[in-house]
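In what follows, every chain begins at residue 1, and chains take the letters A, B, ... in the order their sequences are listed. Values below: all heavy atoms of this structure, side chains included; hydrogens, waters and symmetry mates excluded.
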There are 2 protein chains.
Amino acid sequence: MKEGPDIAQIGALIGDPARANMLTALMGGKALTATELAAAGGITVQTASSHLAKLEAGQLLAQRKQGRHRYFTLADDGVGKLLESIMGFAAGRGHLRHRPGPKEPALRKARICYDHLAGDYGVRMLDSLVAKGAIDVIGDGLALTDKGESELKCIGIDIGDLKSSRRPLCRSCLDWSERRAHLAGSLGKALLSNFFDKGWARRTAESRSVIFSPEAERQFLMLFPVEFAGGLTPREGQPAQL
Amino acid sequence: MKEGPDIAQIGALIGDPARANMLTALMGGKALTATELAAAGGITVQTASSHLAKLEAGQLLAQRKQGRHRYFTLADDGVGKLLESIMGFAAGRGHLRHRPGPKEPALRKARICYDHLAGDYGVRMLDSLVAKGAIDVIGDGLALTDKGESELKCIGIDIGDLKSSRRPLCRSCLDWSERRAHLAGSLGKALLSNFFDKGWARRTAESRSVIFSPEAERQFLMLFPVEFAGGLTPREGQPAQL
DNA sequence: ACAATGCTTCGGTTACCATCGAAGTATGAA
DNA sequence: TTCATACTTCGATGGTAACCGAAGCATTGT
């Protein structure tokens with residue numbers, strides 16, 4: 001009975017609400033201090049410190065000392081990937097902590113999923129890239145086409161750099177709010193950075209939501225049109241499902 | 001702070017050792033009774049009953065009454081997929097419950113991963129299919145080629161039936177013992193059933209390991225050769241990594 | 001009708017762990 | 001040096017949940 005990986009250990013690490021909240025906060029991609037994470041978890045710093053030590057021992061978190069601050073991040077993108085998949089799973093069966101809240105619409109519209117764009121905008125972007133033949137959907141995987149590569153170069157993204165990395169270029173990631181796939185992988189990361197660099201969007205202070213400026217929003221929607229146009233939100237036809 | 005899916009809930013469900021053991025046992029693909037699961041979890045039936053109720057409420061398990069037995073299975077292959085990914089993650093950071101045990105070699109050699117073949121043989125099969133051009137690796141996805149489709153027809157697997165399903169044909173699944181990918185998805189399932197149907201292999205009573213008969217083993221190794229031959233276990237070159 | 005099997009419910013016990021106050025360490029600022 | 005900030009460690013507390021014995025249903029067999 002004692003064969004195989006110890007899923008209970010990491011399940012237990014994620015299973016505590018305070019720890020789960022802290023991990024979720026770190027899905028924003030930013031490094032956060034222990035004090036900030038305590039606030040995110042709704043607990044005191046002492047308790048947070050204990051939790052953080054456990055998460056670090058379990059190799060879910062990495063820390064970096066800087067002066068008298070201690071910055072925590074997810075240990076690597078394997079952790080982000082794991083949390084993504086659990087979120088997708090949980091959302092798929094309605095395990096939502098539905099405290100609707102005022103910030104939620106913004107979060108559903110566009111948010112950071114560890115290092116790439118998620119939410120309605122994230123899903124729309126992938127749908128559009130697939131529709132215009134920049135990305136092929138193969139099984140459950142995604143592949144950048146030659147056409148896509150040249151198009152992205154126009155936007156200012158050089159694929160060459162990314163290709164050399166060991167990390168996959170395109171990955172599909174199940175979006176918990178839209179229940180459809182959006183684009184992850186190093187390309188997903190590059191696109192989001194590109195939006196930040198161009199000043200199209202900014203991350204908010206303590207939330208994972210991404211705010212587009214009104215003009216940038218127009219440009220985004222033009223750059224990533226959807227075929228059965230007419231508004232953004234409800235779309236029929238399911239490219240790149242699950 | 002209260003936005004998004006409740007990952008803590010499902011983390012907590014998986015986080016209990018007894019529950020984790022029961023879920024792992026169900027990764028064997030067979031439906032098991034409450035009594036069998038109690039044994040798998042190392043607890044009494046009363047306790048198991050309580051755990052099973054929780055897992056069912058959390059939609060991780062489904063049950064089917066049959067006479068005075070109650071058969072439990074994973075609720076759907078989303079659950080299997082989730083457990084797979086957690087296992088892969090846990091194994092990747094050495095979170096093993098290393099009680100080596102006598103059955104472990106068999107488990108590492110060939111075992112059931114929910115509904116498809118895993119372990120050394122599973123990895124070898126995928127490697128071989130990729131090497132002979134039956135399956136293409138695209139990003140992190142897998143795609144069956146035309147050549148692969150016709151080859152599989154010779155073995156006795158009709159892809160037509162599988163294609164109509166909504167479930168992806170090929171999926172790559174990270175193998176926790178080999179730390180490499182093996183073939184999942186409906187094709188992975190079909191191949192394993194095929195081995196069972198042909199009498200090449202059988203599942204063991206209470207373990208997830210798969211036993212090949214000596215002659216079948218020879219045929220399997222011939223059917224799925226590896227390029228840098230010379231034995232089965234240590235292979236160089238990394239087709240289909242991660 | 002009666003016994004046997006499979007499972008659930010109830011009640012009480014136990015053990016663990018999340019939590020916080022208070023005190024201790026480290027870094028930086030005045 | 002002294003104070004302030006950021007964080008950790010220690011110790012005590014409390015609540016929760018895992019656990020099992022015993023009893024209660026349900027189904028099957030004789």
Asks: For Arg68(B) and dG6(C), give me the distance from atom CZ to atom C1', rounded to whole Å.
Replies: 7 Å
Asks: Considering only heavy atoms from C-beta outward, does the side chain of Leu32(A) approach that of Thr73(A) to under 4.5 Å?
Replies: no
Asks: With sequence neighbours excluded, what pairs up with Glu36(B) under the salt bridge (charged side-chain N to carboxylate O under 4.0 Å, His left out) test?
Replies: none
Asks: For Lys163(B), what residues pass the side chain to side chain donor-acceptor pair (under 3.5 Å) criterion, not counting sequence neighbours?
Replies: Glu149(B)
Asks: Can you name the side-chain contact (heavy atoms from CB on, under 4.5 Å) partners of Arg202(A), sequence neighbours left out?
Replies: Thr204(A), Ile211(A)
Asks: Going by the side-chain hydrogen bond (donor to acceptor under 3.5 Å, both in side chains) test, which pairs reach into residues 186-197 of chain B, not counting sequence neighbours?
Replies: Asn194(B)-Lys198(B)
Asks: Any salt bridge (Lys or Arg N to Asp or Glu O under 4.0 Å) involving residues 11-27 of chain B? Give me the pairs, sequence neighbours left out, ordered by first then second residue.
Replies: none
Asks: List the protein contact pattern of nucleotides 15-22 of chain C with one symbol per nucleotide (5' to 3'): B for base contact, S for sugar-phosphate-only contact, - for none; contact means a heavy-atom distance under 4.0 Å.
Replies: ---SSBBB
Asks: According to salt bridge (charged side-chain N to carboxylate O under 4.0 Å, His left out), who are the partners of Asp6(A), at least two apart in sequence or on a separate chain?
Replies: none
Asks: Taking ring-ring contact (aromatic ring centres under 6.0 Å, His included) as the cut-off, I'd like each qualifying pair that reaches into residues 155-191 of chain B, sequence neighbours left out, listed once.
Replies: His116(B)-His182(B)
Asks: Going by heavy atoms closer than 4.0 Å, what residues in residues 56-67 of chain A are next to DNA chain D?
Replies: none
Asks: Under the ring pair (Phe, Tyr, Trp, His ring centres under 6.0 Å) rule, collect the residues that match up with His51(A), sequence neighbours excluded.
Replies: none
Asks: Tell me: CG of Leu32(B) to P of dG6(C), nearest whole Å?
Replies: 15 Å
Asks: Just how far, in rounded Å, is P of dT8(C) from CG of Leu37(B)?
Replies: 10 Å
Asks: Which nucleotide of DNA chain D is the first, and which the last, in the 5' to 3' direction, to come under 4.0 Å of a heavy atom belonging to chain A?
Replies: dA4(D) to dT9(D)
Asks: I'd like to check the salt bridge (charged side-chain N to carboxylate O under 4.0 Å, His left out) partners of Arg68(B); sequence neighbours left out, ordered by chain and number.
Replies: none
